[in-house]
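Read through the structure below, which is laid out as structure tokens, and then see the notes.
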Amino acid sequence: HYPLRRQRQMCIRDRLCKEISKITNRKKPIKINSERKRPILSEVDNLQGSNKKIKKLISWKPKIKLSLGLKLTIDWFKKNKSNHYKQYVI
């Protein structure tokens, strides 16, 4: 099992949420659930993955940029709306 990710560190709030807001043309406040926040005294301060191992093993590399992947995913959800996806607000 290899968690694939890009090489640069990314803050979900600062990058991912802003990118999704830009693609959807929606500006919503980001709500932080304090129950899910990492405890202050947690031994893990920062979680990061790496795609170096999978690149080396199978010569894998990403084919599309994050912003395009997000746009394709959002477009797919918009196109494939059904009762199953009522939980998602798009």
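Nothing here was measured: the structure is a model prediction, and the numbers come from that model.
Checked against side-chain contact (heavy atoms from CB on, under 4.5 Å), Ser67 has the following partners two or more places apart in sequence or in another chain: Glu19, Lys65.
A salt bridge links Asp75 to Lys71: one of the charged nitrogens lies within less than 4.0 Å of a carboxylate oxygen.
Placement of Leu16 and Ile23 within a single hydrophobic cluster is found when ILVMFWY residues are connected by side-chain heavy-atom separations under 4.5 Å, directly or transitively.
The backbone N or O of Lys27 sits nowhere less than 3.5 Å from a side-chain atom of Ser21 that would complete a donor-acceptor pair.
If you take NZ on Lys28 and CD1 on Ile20, they are separated by 14.0 Å, rounding to the nearest 0.5 Å.
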